[in-house]
Peer 1: 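Got a structure for you, written out below as structure tokens; questions coming shortly.
If you're wondering where the values come from, they're calculated on a predicted model, not measured in any experiment. The basis for the numbers below is simple: all heavy atoms, side chains too, and nothing from hydrogens, waters or symmetry mates. Chain A is the first sequence line, chain B the second, and so forth, proteins listed ahead of strands; every chain is numbered from 1.
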There are 2 protein chains.
Amino acid sequence: MSLAADTAEKPTLYKRIRADIEKRILTGEWPPGHRIPFEHQLMARYGCSRMTVNKALSELAQADLIERRRRAGSFVRRPQHMSAVLKIADIRAEITALGRTYGYELIHRKLRAATAADRDRLGVKKAGRVVAIACRHSADNVPFAVEDRLIDLSSVPEAATADFAREPPGSWLLHHVPWTEAEHTISAIVADERTAEALDIAVGAPCLVIDRYTWRSARTITAVRLLYPGDSHRLVARFEGG
Amino acid sequence: MSLAADTAEKPTLYKRIRADIEKRILTGEWPPGHRIPFEHQLMARYGCSRMTVNKALSELAQADLIERRRRAGSFVRRPQHMSAVLKIADIRAEITALGRTYGYELIHRKLRAATAADRDRLGVKKAGRVVAIACRHSADNVPFAVEDRLIDLSSVPEAATADFAREPPGSWLLHHVPWTEAEHTISAIVADERTAEALDIAVGAPCLVIDRYTWRSARTITAVRLLYPGDSHRLVARFEGG
DNA sequence: TTGACATATATGTCTAGACATATAATCGTG
DNA sequence: CACGATTATATGTCTAGACATATATGTCAA
């Protein structure tokens with residue numbers, strides 16, 4: 001967004017219109033509630049057809065920057081909430097991205113018929129078979145996170161034969177299961193004795209907990225709990241809106 | 001999204017096309033890398049003009065569900081990372097949304113020239129004036145979170161005279177400062193004595209920490225640290241992509 | 001004053017074309 | 001066979017219209 005780029009670049013017209021409006025909103029020149037020019041006014045100003053300005057405005061509406069109301073016009077939206085895009089990468093990718101050596105160790109893997117607790121955790125009603133996995137991720141041989149996972153075999157039968165001693169279940173699922181939806185819950189706990197030992201931290205030390213529940217089209221796939229040493233790990237999220 | 005709605009509703013054509021394709025991707029029928037039909041094929045299938053299918057495909061591309069390549073076609077994108085939309089609402093809104101009574105209490109407010117520590121925290125180089133605020137939010141008279149905030153007065157001069165005893169700084173900023181960008185860092189700590197007292201929890205209890213740094217067009221606005229009792233508070237994020 | 005109705009208007013969607021542009025595939029040449 | 005030039009093609013953008021639809025606003029009657 002340098003000044004030079006503004007004159008040197010030759011973006012397409014609708015992108016220029018979109019960028020012009022976005023800029024006025026972002027700088028506060030057009031505050032929330034302000035009505036932006038009507039489509040026919042923008043047509044005149046930019047000397048183009050309505051479809052072109054419509055495309056620009058539609059994208060701004062899709063990005064929640066403006067709100068469009070029939071007969072009334074288009075208005076700058078009031079920021080409604082802080083929404084952040086939290087990138088929770090595959091742990092291996094996360095570690096290697098930091099330039100550290102990734103280590104993985106399977107602690108245990110058990111195939112069993114779903115217990116009542118398993119069904120509750122996966123949010124399914126009828127019993128089926130599941131795989132329960134516990135493993136540990138490390139960076140430069142220092143414990144990074146411990147993972148406790150349950151996979152629903154009625155949704156992902158191939159997981160019964162996958163070699164989780166070689167490949168972490170997260171990576172395996174990422175490459176074997178198509179688009180999914182997920183829900184994350186982030187909380188904090190203090191390490192109990194078992195956790196402290198696994199993460200090589202003191203009992204009572206803070207831990208960041210991520211519980212992720214993943215499904216695809218109403219079918220449960222997996223539930224996982226990740227425990228990170230709380231003082232060394234950070235989740236970073238960058239955002240839009242405010 | 002009931003079955004009845006599927007037949008009863010009469011969405012516009014481009015939305016139907018978009019939904020049809022999205023469904024095939026989400027169910028895995030069209031796996032990552034799969035080439036979706038060309039625009040002219042979709043024109044024939046739906047009996048419409050190219051602009052209509054183009055609008056559907058453009059929106060899917062904007063949502064990162066497909067990737068479009070000239071001359072080659074459009075392809076289902078490989079899930080690249082777990083990205084989650086984390087809604088970090090205004091705390092007052094968050095509490096009232098839960099049907100609980102919101103309480104707010106200003107602990108202290110100090111106007112001062114930025115110290116070296118302040119400049120570091122705000123990420124600015126030259127000194128200026130800042131407001132430092134400490135306050136506490138409660139739900140049904142139970143401590144919910146403590147807030148420690150710094151506002152850069154050279155960016156938001158009106159903050160010098162705002163009445164933060166009446167209105168929480170988060171709400172005030174949300175309504176007085178236009179669109180901003182932010183970066184969040186989430187971590188866990190254990191409560192020290194001061195924190196424990198403020199949150200009415202035991203020393204050594206886990207706390208969830210959210211550090212938020214907010215700016216607008218390269219201008220720093222505010223830096224805030226929020227501390228929540230870790231065992232009672234949860235951040236929930238729902239998502240896309242897997 | 002209020003409520004029912006008519007009207008004007010801005011956006012929502014769509015068409016049947018057009019030219020531009022990036023690039024996969026093909027062809028030709030050394 | 002390797003490599004550069006050509007061509008075909010799918011997407012990217014745009015036009016000048018059209019009709020649909022929701023709704024703000026004004027009008028008129030109870």
Peer 1: To the side chain of A:N54, which of D:dT13, D:dT15, C:dT13 is closest?
Peer 2: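 Out of D:dT13, D:dT15, C:dT13, the nucleotide with an atom closest to A:N54's side chain is C:dT13.
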Peer 1: Is A:K15 near enough to D:dG12 that one of its side-chain N or O atoms lies under 4.0 angstrom from OP1 or OP2?
Peer 2: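 For A:K15, the contact criterion (side-chain N or O under 4.0 Å from OP1 or OP2 of D:dG12) is not met.
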Peer 1: Does the D:dT13 base have a donor-acceptor partner in the side chain of B:R50 within less than 3.5 Å?
Peer 2: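 Indeed, a donor on one side and an acceptor on the other fall under 3.5 Å apart.
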Peer 1: In whole angstrom, what separates A:R70's CZ from D:dC19's P?
Peer 2: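 Answer to the nearest Å: 17 Å.
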Peer 1: Between the base of D:dT11 and the side chain of B:R68, is there a donor and acceptor pair under 3.5 angstrom?
Peer 2: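 Not at all, since no donor on one side and acceptor on the other fall under 3.5 Å apart.
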Peer 1: Which residues pass the salt bridge (charged side-chain N to carboxylate O under 4.0 Å, His left out) test with A:D140, not counting sequence neighbours?
Peer 2: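 Partners of A:D140 by the salt bridge (charged side-chain N to carboxylate O under 4.0 Å, His left out) criterion, ordered by chain and then number, come out as A:R100.
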Peer 1: B:K55 or B:A72: which one's nearest nucleotide on DNA chain C is closer to the 5' end?
Peer 2: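 Counting from the 5' end, the first nearest nucleotide belongs to B:K55.
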Peer 1: B:T52: which residues meet the side chain to side chain contact (heavy atoms under 4.5 Å, CB included) condition with it, sequence neighbours left out?
Peer 2: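 Checked B:T52 against side chain to side chain contact (heavy atoms under 4.5 Å, CB included); matches are B:L13, B:Y14, B:I17, B:C48, B:S49.
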Peer 1: Donor-acceptor pair under 3.5 Å: do we get one between B:R69's side chain and the base of D:dA10?
Peer 2: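 Such a pair does not exist between side chain and base.
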Peer 1: Tell me whether the side-chain N/O atoms of B:T52 come closer than 4.0 Å to OP1 or OP2 in C:dT15.
Peer 2: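 For C:dT15, OP1 or OP2 has a side-chain N or O of B:T52 closer than 4.0 Å.
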Peer 1: Given 3.5 Å as the limit, does a donor-acceptor pair link the side chain of A:T214 with the main chain of A:I221, or not?
Peer 2: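 No, A:T214 side chain to A:I221 backbone: no donor-acceptor pair under 3.5 Å.
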Peer 1: Let me have the donor-acceptor pairs involving side chains of residues 156-164 of chain A, under 3.5 Å, with sequence neighbours excluded, atom names and distances please.
Peer 2:
residue : atom : partner : partner atom : Å
A:T161  : OG1  : A:E158  : O            : 3.2
A:D163  : OD1  : A:A165  : N            : 3.2

Peer 1: Can you tell whether the side chains of B:E59 and B:K55 come within less than 4.0 Å, N to carboxylate O?
Peer 2: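 Salt bridge between B:E59 and B:K55, a charged N being under 4.0 Å from a carboxylate O: no.
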Peer 1: With sequence neighbours left out, what residues match B:S138 under side chain to side chain contact (heavy atoms under 4.5 Å, CB included)?
Peer 2: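 With sequence neighbours excluded, B:S138 shows a side chain to side chain contact (heavy atoms under 4.5 Å, CB included) to no residue whatsoever.
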Peer 1: After noting the C-alpha distance and the side-chain angles of B:V130 and B:L153, does the key distance pass the side chain to side chain contact (heavy atoms under 4.5 Å, CB included) rule?
Peer 2: CA-CA 5 Å; B:V130 298; B:L153 286 177; 5.5 Å; no
Peer 1: Could you name each residue pair satisfying salt bridge (charged side-chain N to carboxylate O under 4.0 Å, His left out) that touches residues 27-46 of chain A, not counting sequence neighbours?
Peer 2: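 Checked against salt bridge (charged side-chain N to carboxylate O under 4.0 Å, His left out) - neighbours excluded - the pairs reaching residues 27-46 of chain A are A:R24-A:E29, A:E39-A:R50, A:E39-A:R68.
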Peer 1: Enumerate the residues from residues 36-43 of chain A whose closest heavy atom to DNA chain D is under 4.0 Å, giving them by residue number; use none for an empty result.
Peer 2: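 Those residues: none at all.
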Peer 1: Tell me, please, which residues at least two apart from B:A19 pass side chain to side chain contact (heavy atoms under 4.5 Å, CB included).
Peer 2: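 Partners of B:A19 by the side chain to side chain contact (heavy atoms under 4.5 Å, CB included) criterion come out as none, since no residue qualifies.
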Peer 1: Could you list the protein-to-nucleotides 26-28 of chain C atom pairs, N/O on both sides, closer than 3.5 Å?
Peer 2:
none

Peer 1: Apply side chain to side chain contact (heavy atoms under 4.5 Å, CB included) to B:E67 and list each qualifying residue two or more places apart in sequence or on a separate chain.
Peer 2: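 If we apply the side chain to side chain contact (heavy atoms under 4.5 Å, CB included) test to B:E67, skipping adjacent residues, the hits are B:R69, B:R77.
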Peer 1: Applying salt bridge (charged side-chain N to carboxylate O under 4.0 Å, His left out), can you list everything that pairs with B:R121, at least two apart in sequence or on another chain?
Peer 2: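 With sequence neighbours excluded, B:R121 shows a salt bridge (charged side-chain N to carboxylate O under 4.0 Å, His left out) to B:D148, given in chain and number order.
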Peer 1: Expressed in angstrom and rounded to an integer, what is the separation of A:R35 atom CZ from D:dA24 atom P?
Peer 2: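 Atom-to-atom, A:R35 to D:dA24, this comes out as 13 Å.
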Peer 1: Within the pair B:S74 and D:dT11, is there a side-chain N or O less than 4.0 Å away from OP1 or OP2?
Peer 2: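 For B:S74, the contact criterion (side-chain N or O under 4.0 Å from OP1 or OP2 of D:dT11) is met.
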Peer 1: Quickly work out the A:L60 CG to C:dT11 P distance and round it to whole Å.
Peer 2: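 Atom-to-atom, A:L60 to C:dT11, this comes out as 13 Å.
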Peer 1: Nearest whole angstrom, please: distance from the P of C:dA20 to the OH of A:Y14.
Peer 2: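 So the OH-P distance, A:Y14 to C:dA20, works out to 19 Å.
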Peer 1: In whole angstrom, give the distance that lies between atom CZ of A:R18 and atom P of D:dC14.
Peer 2: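 Rounded to the whole Å, the gap is 12 Å.
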Peer 1: Per the ring pair (Phe, Tyr, Trp, His ring centres under 6.0 Å) rule, what does the pair list look like for residues 42-73 of chain A, sequence neighbours excluded?
Peer 2: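 Output for this query is empty, none listed.
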Peer 1: Quantified as the angle between the terminal helix axes (five pairs each), what is the overall bend of the helix from C:dT1-D:dA30 to C:dG30-D:dC1 to 10 degrees?
Peer 2: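 One end axis against the other gives 10°.
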Peer 1: Using whole Å, what does the distance between atom C1' of nucleotide D:dT13 and atom CE of B:M51 come to?
Peer 2: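 For the pair B:M51 CE and D:dT13 C1', the rounded distance is 8 Å.
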Peer 1: Under the 3.5 Å rule, do the base of C:dA24 and the side chain of B:R71 count as making a donor-acceptor pair?
Peer 2: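 Side chain to base: pair found, below 3.5 Å.
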Peer 1: Just checking A:L57: base, sugar-phosphate only, or nothing, at a heavy-atom cut-off of under 4.0 Å?
Peer 2: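 No contact.
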Peer 1: Tell me: OH of B:Y46 to P of C:dC14, nearest whole Å?
Peer 2: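 Going from OH in B:Y46 over to P in C:dC14 covers 12 Å.
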